[in-house]
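Within every chain, numbering begins at 1; the chains are lettered A, B, ... in the order of the sequence lines, protein sequences first and strands thereafter. What's counted below: heavy atoms across the whole structure, side chains too, no hydrogens, waters or symmetry copies.
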There are 2 protein chains.
Amino acid sequence: MSTRREAVRQALTGSSGFRSAQDLYADLRAEGSKIGLTTVYRALQALSDSGEVDVLRTDDGEAVYRACDTESHHHHIVCRVCATAVEIEGPTVEKWAAEMGAQHGFRDVTHTVEVFGTCANCSR
Amino acid sequence: MSTRREAVRQALTGSSGFRSAQDLYADLRAEGSKIGLTTVYRALQALSDSGEVDVLRTDDGEAVYRACDTESHHHHIVCRVCATAVEIEGPTVEKWAAEMGAQHGFRDVTHTVEVFGTCANCSR
DNA sequence: CCATTTTTGACAACCATTTTCGTTTTCGCG
DNA sequence: CGCGAAAACGAAAATGGTTGTCAAAAATGG
């Protein structure tokens with residue numbers, strides 16, 4: 001169902017790195033789609049609710065989305081220049097977070113980790 | 001100088017955990033201060049520029065601030081109910097982030113880590 | 001085909017944050 | 001003190017990403 005949502009998913013999958021809703025909207029319009037901004041937001045919300053995409057907030061408060069290859073819990077290392085993201089795993093961090101929680105009496109501990117850097121391409 | 005900025009700093013220092021600009025504004029007004037919202041924002045921006053407070057974004061895009069005890073790099077574990085924050089250190093994570101960066105050819109690697117949970121008090 | 005439900009998109013509403021701008025306060029200095 | 005420049009302030013308006021509204025359009029299924 002819902003061709004539109006599919007279009008948003010593909011626009012997201014087709015580009016590496018984190019994209020904002022407005023970015024995706026612009027992309028789709030540029031391709032000739034008559035999609036509305038509202039629908040892009042709705043699609044992204046649905047996709048993030050179902051866990052198909054990751055969401056995080058930039059420092060200026062914009063929400064950015066990314067389609068992930070794996071469904072399991074993982075993190076990213078994002079290039080601060082070109083926004084390319086590489087998925088990374090961190091058993092170390094997972095364990096550390098859990099330990100810290102226990103140590104301070106916290107329950108149901110979750111965490112967000114984002115690593116930023118300048119990728120090999122962009123640092124040349 | 002700037003009595004107002006001092007008032008904001010104290011409002012922030014006086015309360016544990018992360019507070020939003022609007023929260024602090026409400027607090028100050030409740031205390032009888034005639035401070036304006038604009039000034040609260042300006043003060044918080046100045047304080048964060050000078051590194052005296054930490055800033056991060058909640059999932060709904062609001063900016064929250066916290067006065068930290070130490071000036072060195074560290075992270076927090078935040079109660080998702082009462083927003084109380086405990087400072088934690090993570091040599092493990094620092095090392096891990098650096099390693100991951102090197103491994104994928106990233107330079108100037110930085111990272112943000114936030115741990116959330118329900119604190120002992122609130123989980124009762 | 002028609003009725004019902006779902007999806008869509010233009011537009012208005014929201015709300016945190018920023019800008020603008022005229023006023024007030026602070027500060028340096030005679 | 002007293003005065004003028006500079007900084008700080010606050011009210012109100014503007015901004016901009018995101019969400020809500022609602023009527024039209026498309027899918028669904030008798």
Applying salt bridge (Lys or Arg N to Asp or Glu O under 4.0 Å) as the test, list every pair that has at least one member in residues 34-61 of chain A; sequence neighbours left out. A:Arg9-A:Glu52
Nearest-Å distance for atom pair CG/P, residues A:Asp23 and D:dG16: 15 Å
To the nearest angstrom, the CD-P distance between A:Glu62 and C:dT18 comes to 14 Å
In terms of hydrophobic clustering (I, L, V, M, F, W, Y; side-chain heavy atoms under 4.5 Å; direct or indirect links), are A:Val78 and B:Val109 co-clustered? no
Please state how far atom CD in A:Glu6 lies from atom P in C:dT6, giving the value in whole angstrom units. 20 Å
Do B:Thr58 side-chain atoms and B:Glu62 backbone N/O form a donor-acceptor pair below 3.5 Å? yes
Applying the 4.5 Å side-chain criterion to the ILVMFWY set and letting contacts propagate, would B:Val113 and A:Phe116 be lumped into a single cluster? no
Could you state the atom-to-atom distance from CG of A:Leu24 to P of D:dT18 in whole Å? 11 Å
In whole angstroms, how far is the P atom of C:dT17 from the CG atom of B:Asp49? 15 Å
Spacing between B:Gln45 atom CD and D:dG10 atom P, to the nearest angstrom: 16 Å
Rounded to the nearest Å, what distance is computed from the CZ atom of residue A:Arg57 to the P atom of nucleotide C:dA16? 12 Å
Evaluate the ring planes of A:His75 and A:His111, with Trp represented by its six-membered ring, and classify them as parallel (under 30°), tilted (30 to 60°) or perpendicular (over 60°). tilted
Does a side-chain heavy-atom distance below 4.5 Å link A:Tyr65 with A:Leu47? no
Is B:Tyr41 near enough to C:dT17 that one of its side-chain N or O atoms lies under 4.0 angstrom from OP1 or OP2? yes
When the C1' atoms of the five terminal pairs at each end define the local axes, what inter-axis angle does the helix from C:dC1-D:dG30 to C:dG30-D:dC1 show, to 10 degrees? 20°
Would you say the side chain of B:Phe106 lies within less than 4.5 Å of the side chain of A:Val115, judging by non-hydrogen atoms? no
Report yes if the side chains of A:Val64 and A:Asp23 come closer than 4.5 Å at any heavy-atom pair, otherwise no. no
Rounded to whole Å, how long is the line connecting atom CG of B:Leu44 with atom P of C:dA16? 14 Å
With the sugar-phosphate defined as primed atoms, P, OP1 and OP2, and the base as all remaining atoms, what B/S/- string results for nucleotides 9-15 of chain C, 5' to 3', for protein heavy atoms under 4.0 Å? BBB----
Flag the pair B:Val53 / B:Leu12 as yes when at least one side-chain heavy-atom distance between them is below 4.5 Å, and no otherwise. yes
